[in-house]
Structures are given as C-alpha cells and as structure tokens.
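A, B, ... follow the sequence lines: proteins, then strands. Residue 1 opens every chain. All values below come from the heavy atoms of this structure, side chains included, with hydrogens, waters and symmetry mates left out.
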Protein chains: 2
Amino acid sequence: MPKRVDHEERRTEIAEALVRVAGRRGLHAVGMRDVAAEAGVSLRLVQYYFQTKEKLLLYGLQHLAAGFGERVAARVRSAGENPGPRAMIEAMLLASLPTDEESRTFHLVYTSYAVLAVTDDALAAQPFMKNPEAAEDAVTALLQQAHEADLTRPGIDSRVEAISLLAMSAGLGTSILVGQRSPESAAAVLNHHLDRIFQDGGRDD
Amino acid sequence: MPKRVDHEERRTEIAEALVRVAGRRGLHAVGMRDVAAEAGVSLRLVQYYFQTKEKLLLYGLQHLAAGFGERVAARVRSAGENPGPRAMIEAMLLASLPTDEESRTFHLVYTSYAVLAVTDDALAAQPFMKNPEAAEDAVTALLQQAHEADLTRPGIDSRVEAISLLAMSAGLGTSILVGQRSPESAAAVLNHHLDRIFQDGGRDD
DNA sequence: ACGTTGATGATACGGCTGTACCATGACGGT
DNA sequence: ACCGTCATGGTACAGCCGTATCATCAACGT
C-alpha cells in the first residue's frame, strides 16, 4: 500500500481547512471543492475521508467545539496557579469573546452552526448545546463556592447569575462579531458585572 | 395596461413570503422558486419586482427590521398609559425574546442575516446594526431618567446597564431559539436583573 | 381605434454542487 | 514475486439555482 496514512490526523487537517474557509467566506458558502483546495488535497480525498458533506460538517463542528474547549481551558490555566473563583470565571468569559482572529472565526462559524441547527435535524441532534450547559454548571459551581467563602455580595443566586453572565457574554460576543462593539468595552462591561457580584476584588489568594 | 398593480404592496407580500420560508427551512435554503411558490406567484414575478436575489434579500431584511420595530412599539404601548421606566424597559426586552412563533421566526431570520453580514459586504453595508444602537440609546435614556427620579439603586451606570441588559436579552433569545432555555426562565432572569437595578418595584405611577 | 407600455407566463441556459464511477500507483503479507 | 488492498487522481452525471429571453394579454392615452 502507499504510506499508510493516519486517518484521524488527515480528517483533522481537512476539518481545519473547512473551518478556515468557513470563517473567511461564511459557512453557507463552503463547498467540498473549496475545502479540498484549502486543505491542498483533491476533491476525491475529501470524499474519501468523509463520505458525504453532512458528515464533513458534523465532524467540523465537533472539531470546532473541541478546539474551543481547549482554548478556554488553556486560558483558565494561565490565570494562575490557584486562582480565585472570580479570576476563573473572568478567564472563562473573556476567553469566549471574539478578540483575536482565531476566536472570531470560532464565533462566526459556531453561530452559523447554531443557526443551521434550528432548521436542520441532523445538526439539532448533535450535542453541541451540551457545551453551554456544562459551562453553566461550571460557573454556577464557582459562584456557589465563592458564596460559601463569603466572597460575594449578599443576595446572590448562583444559578441565575451564572445564566446571566453567560448570556451576556454570548450577546456581547455577537456584538463584537458584527462590529457593534469593541472587545475592550465588552470586557469592561463583563468586569463591571463581576464587580457587582463579588466583594472588593473577589480575590482570596 | 392590466390592472395597474401597487408595486410596494406586491413587494411586501413577496418579502413576507421570503421571511416565512426562511423561518421554516432556514435563510440559507431559500431560493427564488421557493419564495415564488410561497407567495403564490410565478418565478418570473419575483424577478419582475426584485430584479436580483440580492435585492430581494436586502428588502426582506428591511421589512423584517421594520416589522420588529412595530412589534416592540406595540408591546410598549400596551404596557399602559404612562408606564414607569422599568415597565417600559421590561416591555422592550421581553418583546425581543422569541416567545411565540412569529418572534421565533424573526429571531432566526434576523440572526441568519447578521451571520451573513459578517462575510457579505452588501449586507454589512446595510444599516441593520443601527437598530441595536438606537435600542441602546433608548434604554440608557430610560435608565438615566429613572436614576434622576431616584428609582434606581445607588451605583448604577446607565449606559453600562443598558448594554448589559440588551446583551443579556440577545443571548437569552438565542438560548431560547436553540431550545436551551424556556421563554419563562429567560423572562425570570431578566426580571431578576431589573430588580437589582431598580428600587422596590421601580413603579412611579 | 390602435399602438404603446405595464404585467405576467413559460422556458431555456450556463454554472455550480454533491456524489458516483473508473483508473492506477504504492506498499505489505505470504 | 505477486496479489490484494489502501490511497489517490481524474472525471462524468444529474440536479438545482439565479438569470435571461421570448412571448402574450390587457388596458390606457391620444
């Protein structure tokens, strides 16, 4: 046989090509030929590793979500050795804002998928709304933990605040994406709200 | 000539057909033939009143935005004769949540347009990000007005709160759209945050 | 009365898209 | 050494989409 290729790696390369071209020209406009050209392979190859366009799109979504998860995790790690709950939440929320080109692409393509999922059953069945749910639980737990350590102002409902923060973050992200707001001002708004949830700076280390 | 038809009315009918089919099958999937069939006219007619698909899409967007504006205005009016700032803001925010089928369609199609606008120059040039800006100014003014009447809690920055509320509202709307959250819980979250901004109920009448 | 013009219909065309089919090197096992 | 199989290329096909063309009917101005 020829150089027995690592299928998973090849699929990843193609999926990344898909995301790149989708970020540049919009998800609705990507064809298999575009993906092939972007990945530097022939159309036949894309067909070979993904039999159908639908499977390619599904895999692209999974890859996108996984990459985003890693991004956020890395950002949280770089927030320090033992960060307080506030620093952790702040890192999570800021990591999901479309600041640099990579996260801009992520936001755009991910939103495109979300919009598609409303009218496409195959995408709707995909568990890519599991991610937000996990995020909500994580933020809720962090807020609860802060609450028990007396780091929050009184009268704070952890779950409601978590939902609000994530919804705000998503809404601000979209605003940045369409050019209505700058990343800096969005970050400032988020920080302002964190200030209203946490006592002083919310730092315990 | 034949029954000298009212062009603007005809264009409106066709645009509404466009929005309906876009709400059902997704904006990316609508073709001129679908619009024609939905409107009950021939393909040629759609071409006649809008020369090109791009013009049809642009007009559809304007129509959508105008309809949404009317919806919100009606909701605010029905909030009472002389509602307080809080009731007004509440009406505005709740009106933009996708509760019934009509507002669901609006949200979906409008978001589709927003996503398209990121990669399509013709749509990006369209002033449909003017609407959110106006909403931000309106809410800011209402909050300021409430602040001057001592209806708000201390330490409230009108503009920041307006931005937050609108971003939250948008984010919650998307959550509802993709089935992550119920309209009721979203409304509850919004109300919770209004409670944190306004003293007691914020009613001055 | 009639020609001009607005409104509508039917249909054809070129391009693009996803998919399928056929071909052909390149290696590994035996 | 050879055969099967993995990997890859090239290309054809059917369908759809936006647009353009040709044709027709109906009414208004003069």
Side-chain angles (χ1 to χ4, degrees), chain A residues 1-22 24-61 109 112-113 116 119-123 126, chain B residues 1-22 24-61 109 112-113 116 119-123 126:
Chain A
M1 321 165 168
K3 40 175 177 170
R4 208 51 147 272
V5 151
D6 181 341
H7 272 224
E8 209 50 41
E9 183 182 323
R10 198 71 106 147
R11 284 164 66 91
T12 297
E13 285 173 16
I14 296 178
E16 275 169 5
L18 160 67
V19 171
R20 279 198 301 274
V21 58
R24 224 180 307 127
R25 299 211 288 268
L27 186 60
H28 69 285
V30 317
M32 316 225 76
R33 286 166 177 83
D34 305 288
V35 176
E38 175 78 20
V41 300
S42 75
L43 167 61
R44 180 65 178 82
L45 259 283
V46 179
Q47 284 190 262
Y48 181 69
Y49 288 104
F50 306 88
Q51 293 71 42
T52 174
K53 186 185 186 181
E54 186 175 53
K55 291 182 184 172
L56 170 60
L57 287 177
L58 254 47
Y59 190 88
L61 174 56
V109 182
S112 303
Y113 271 114
L116 281 194
T119 47
D120 185 309
D121 291 341
L123 274 178
Q126 210 66 4
Chain B
M1 321 167 169
K3 40 174 176 165
R4 209 52 147 268
V5 151
D6 180 341
H7 272 223
E8 209 50 41
E9 183 181 322
R10 199 71 108 147
R11 286 164 66 90
T12 297
E13 284 173 17
I14 295 178
E16 274 169 7
L18 160 67
V19 171
R20 279 198 302 275
V21 58
R24 224 180 307 126
R25 297 210 291 266
L27 186 60
H28 68 285
V30 316
M32 317 225 75
R33 285 165 177 86
D34 304 289
V35 175
E38 175 77 22
V41 300
S42 74
L43 169 62
R44 180 65 179 84
L45 259 283
V46 179
Q47 284 189 261
Y48 182 69
Y49 289 103
F50 305 88
Q51 291 71 42
T52 174
K53 186 185 185 181
E54 186 174 55
K55 290 183 184 172
L56 169 61
L57 287 178
L58 254 47
Y59 191 89
L61 173 56
V109 182
S112 302
Y113 271 113
L116 281 195
T119 47
D120 185 309
D121 290 342
L123 274 177
Q126 209 67 4

* Nearest-angstrom distance from the residue atom CG of B:L57 to C1' of D:dC17 -> 13 Å
* Those residues that, when tested against B:Y49, pass ring pair (Phe, Tyr, Trp, His ring centres under 6.0 Å) (two or more places apart) -> B:H7
* Rounded to the Å, how far apart are B:K53 NZ and D:dT19 C1'? -> 12 Å
* Asked: Which residue pairs pass the side chain to side chain donor-acceptor pair (under 3.5 Å) test with at least one member in residues 35-45 of chain B, sequence neighbours excluded?
  -> B:R20-B:E38, B:R24-B:E38
* Got a second to check how far A:M32's CE is from A:L18's CG, nearest 0.5 Å? -> 8.5 Å
* Taking CE from B:M32 and C1' from C:dA10, how many angstroms apart are they, rounded to a whole number? -> 17 Å
* Structure fact -> A:Q51 CD to C:dA20 P, in whole Å, measures 10 Å
* **A:T52 side-chain N/O to C:dG18 phosphate OP1/OP2 under 4.0 Å** => no
* Asked: Which residue pairs pass the salt bridge (charged side-chain N to carboxylate O under 4.0 Å, His left out) test with at least one member in residues 45-56 of chain A, sequence neighbours excluded?
  -> none
* To do: Residues of residues 39-47 of chain A with any non-hydrogen atom less than 4.0 angstrom from an atom of DNA chain C: list those, numerically ordered, please.
  => A:L43, A:R44, A:Q47
* With sequence neighbours left out, write down each residue that passes side-chain hydrogen bond (donor to acceptor under 3.5 Å, both in side chains) with A:E8, or none if nothing qualifies. => A:Y59
* To do: Take A:Y49 and A:R33, find for each the nucleotide of DNA chain D with the closest heavy atom, and name the residue whose nucleotide sits nearer the 5' end.
  => A:Y49
* Asked: Among all residues two or more places apart in sequence or in another chain, which pass the salt bridge (charged side-chain N to carboxylate O under 4.0 Å, His left out) test with B:D34?
  -> B:R25
* Asked: Of the nucleotides C:dT19, C:dG6, D:dA7, which one has an atom closest to the side chain of A:Y48?
  -> D:dA7
* Would you mind reading off the distance between A:H28 atom NE2 and C:dC16 atom C1', rounded to a whole angstrom? => 14 Å
* **Whole-Å gap separating P (C:dT17) and CZ (A:F50)** => 19 Å
* Structure fact -> Ranking D:dT8, C:dG18, C:dA7 by distance to the side chain of B:H7, first place goes to C:dA7
* Asked: Is the shortest heavy-atom distance from the side chain of B:V41 to the side chain of B:E13 under 4.5 Å?
  -> no
* Length of the line joining A:E8:CD and D:dC6:C1', which is rounded to integer Å -> 17 Å
* Asked: For the pair made of CG in A:D6 and C1' in D:dT8, what is the distance, rounded to whole Å?
  -> 17 Å
